[in-house]
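One structure is given here, and the rest of the page talks about it.
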Amino acid sequence: EVKDYKIKKLNNGITVITETTNHPTSVHMGVLLNVGVRDETQETSGSCHALKSTYLKTVKHTNETINYGMIQMSGGETEMTYDEETMYYRTNCFEYDVIDMFRMLADISFEPRSMLSANVAKDKLRQAYKLNKHLAGYHPFQDNPQRLLTTAYGYNTLGMPLLGFESNISNIDSEVLKSFQMKNITPEKTTIVASGLKCHDEFFDLVNETLGVLNPVREQD
């Protein structure tokens, strides 16, 4: 098996890392964002979990039902994970479905959440807190890593809780989520990755066609 990789940048600042292979395999793609819970504030606390809870709920080009169908038909899977410092949207599929699946990946990573999605996110946040409290009865030390970070950093940056503040759940709406996304998810903080490709340039052109329209943003200090 012969592998080769390239790193290129779109004019707006998005980094694209691709790996090709001559071995038959599925294609793995991801959108890595240098944005995490550390970027939340008292007002936007819980945004990362809300975005994770509703990541398939797009409205611009597709919807949740279409996205589920595309994932099943492509023979792959899709998920979103986040931590204090990053958010990562990833998918894998047959080579035949790369174009459609990448466009879906772009939608779920960058599209602002609707009012309906925000309402779903509120309910899932409440359920997450309920489950966390239940599990604490069996594992009383489960929150120690979080408590350590909060002790070190206070309730800001790396000390912000992964689930957000329970008291802020009712404040999570589409405007709060949109504000968090617009302020923090910028091209310079975005890395697109793909492996299992047959051609670097074809994928780069796909990314440029799909995300090259995003305006460059001057990063704040």
Side-chain angles (χ1 to χ4, degrees), residues 12 14 29-74 76-83 86-91 93 97 99-131 160-187 189-192 206-207 209-217:
N12 61 11
I14 291 178
M29 300 177 287
V31 176
L32 177 63
L33 303 171
N34 186 23
V35 179
V37 175
R38 68 178 178 186
D39 299 295
E40 294 180 354
T41 64
Q42 298 284 333
E43 293 75 24
T44 62
S45 180
S47 293
C48 287
H49 191 279
L51 293 173
K52 173 182 172 62
S53 299
T54 59
Y55 74 93
L56 287 178
K57 292 184 177 297
T58 56
V59 295
K60 187 175 181 180
H61 299 117
T62 58
N63 57 50
E64 189 172 27
T65 301
I66 292 175
N67 291 336
Y68 272 122
M70 288 175 57
I71 294 168
Q72 292 175 337
M73 292 178 64
S74 70
E77 58 183 340
T78 304
E79 71 172 351
M80 185 276 200
T81 57
Y82 73 94
D83 56 26
T86 60
M87 293 195 292
Y88 186 50
Y89 296 82
R90 70 158 199 90
T91 189
C93 63
D97 296 303
I99 294 177
D100 289 337
M101 290 299 286
F102 178 75
R103 286 173 177 165
M104 183 198 76
L105 190 65
D107 284 347
I108 66 177
S109 302
F110 298 101
E111 186 179 300
R113 296 298 182 262
S114 66
M115 181 176 65
L116 176 61
S117 295
N119 289 337
V120 172
K122 288 181 184 180
D123 184 63
K124 290 193 173 184
L125 271 167
R126 294 188 182 98
Q127 293 299 323
Y129 258 100
K130 184 177 180 180
L131 177 61
M160 294 294 282
L162 283 174
L163 290 180
F165 296 118
E166 187 173 12
S167 59
N168 198 53
I169 293 178
S170 60
N171 296 325
I172 296 294
D173 59 23
S174 59
E175 290 303 315
V176 168
L177 294 181
K178 181 179 179 179
S179 174
F180 178 80
Q181 290 175 287
M182 295 296 290
K183 180 179 179 180
N184 296 290
I185 301 177
T186 62
K189 293 180 179 178
T190 301
T191 300
I192 308 295
L206 172 63
V207 177
E209 177 187 331
T210 307
L211 298 175
V213 295
L214 293 181
N215 294 326
V217 177

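The minimum heavy-atom distance between A50 and L177, with the atom names listed, is CB-CD2, 3.8 Å. The nearest pair of heavy atoms linking N67 to L56 is ND2-O, 2.9 Å.
Between the CG atom of N171 and the CD atom of Q42 there is a distance of 11.0 Å, given to the nearest 0.5 Å. Distance check, rounded to the nearest 0.5 Å: SG of C48 to CE of M87 gives 5.0 Å. Of the inter-residue distances, the one linking E77 atom CD with I71 atom CD1 reads 9.5 Å to the nearest 0.5 angstrom. The CG atom of L206 lies 10.0 Å from the CD1 atom of I192; values are rounded to the nearest 0.5 Å. For the atom pair E43 CD and F180 CZ, the distance stands at 12.5 Å (nearest 0.5 Å). Here CE of M73 is found 9.5 Å from CG of D100. Values are rounded to the nearest 0.5 Å.
Side chain of N12 to main chain of P187: no donor-acceptor pair is present (N/O by atom type, distance under 3.5 Å, no hydrogens or angles). Side-chain atoms of T62 never come within 3.5 Å of backbone atoms of I66 as a donor-acceptor pair (strictly under, hydrogens ignored). For the pair Y89 (side chain) and M29 (backbone), a donor-acceptor distance under 3.5 Å is absent. The backbone N or O of T91 lies less than 3.5 Å from no partner atom in the side chain of E79, so there is not a single donor-acceptor pair. Formation of a donor-acceptor pair under 3.5 Å by the S74 side chain with backbone atoms of M70 is found in this model.
Under the side-chain hydrogen bond (donor to acceptor under 3.5 Å, both in side chains) criterion, T44 pairs with T41, sequence neighbours left out. K57 is linked by a side-chain hydrogen bond (donor to acceptor under 3.5 Å, both in side chains) to E64, counting only residues two or more places apart in sequence or in another chain. The ring-ring contact (aromatic ring centres under 6.0 Å, His included) search around F165 returns Y155, not counting sequence neighbours. The side-chain hydrogen bond (donor to acceptor under 3.5 Å, both in side chains) test applied to D173 returns no partner, not counting sequence neighbours.
Side-chain contact of N34 with T86: a donor-acceptor pair under 3.5 Å is absent, judged by distance alone. In summary, the side chains of N168 and S45 do not present any donor paired with an acceptor at a separation below 3.5 Å, with no hydrogens or angles considered. Looking only at atom types and distance, the side chain of T54 has a donor-acceptor partner in the side chain of R113 under 3.5 Å away.
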Please step through side chain to side chain contact (heavy atoms under 4.5 Å, CB included) for the pair V176 and S47, ending with a clear verdict.
CA-CA 8 Å; V176 168; S47 293; 4.1 Å; yes
Before you tell me yes or no, could you show the steps for D83 and V37 under side chain to side chain contact (heavy atoms under 4.5 Å, CB included), namely the whole-Å CA-CA distance, both residues' side-chain angles and the distance that decides it to 0.1 Å?
CA-CA 6 Å; D83 56 26; V37 175; over 6 Å; no
Mind running side chain to side chain contact (heavy atoms under 4.5 Å, CB included) on Y82 and L33 for me, showing each step along the way?
CA-CA 9 Å; Y82 73 94; L33 303 171; over 6 Å; no
Show your working on side chain to side chain donor-acceptor pair (under 3.5 Å) between T58 and N63 and close with a plain yes or no.
CA-CA 5 Å; T58 56; N63 57 50; over 6 Å; no
Please lay out, stage by stage, how V31 and Y88 fare under the test side chain to side chain contact (heavy atoms under 4.5 Å, CB included).
CA-CA 6 Å; V31 176; Y88 186 50; 5.9 Å; no
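The side-chain heavy atoms of L162 and H49, taken from C-beta on, include no pair separated by under 4.5 Å. Here the side chains of F110 and T210 are not in contact, with every heavy-atom distance at 4.5 Å or above.
At most 12 non-hydrogen atoms from other residues, nucleotides or ligands lie less than 6.0 angstrom from CD1 of I99.
Electrostatic pairing of E209 and R103 counts as a salt bridge here, judged by a charged N lying under 4.0 Å from a carboxylate O.
Each salt bridge (Lys or Arg N to Asp or Glu O under 4.0 Å) pair with one or both residues in residues 30-42, not counting sequence neighbours, appears once here: R38-E85. Screening residues 115-127 for side-chain hydrogen bond (donor to acceptor under 3.5 Å, both in side chains), with sequence neighbours left out, gives S114-S117.
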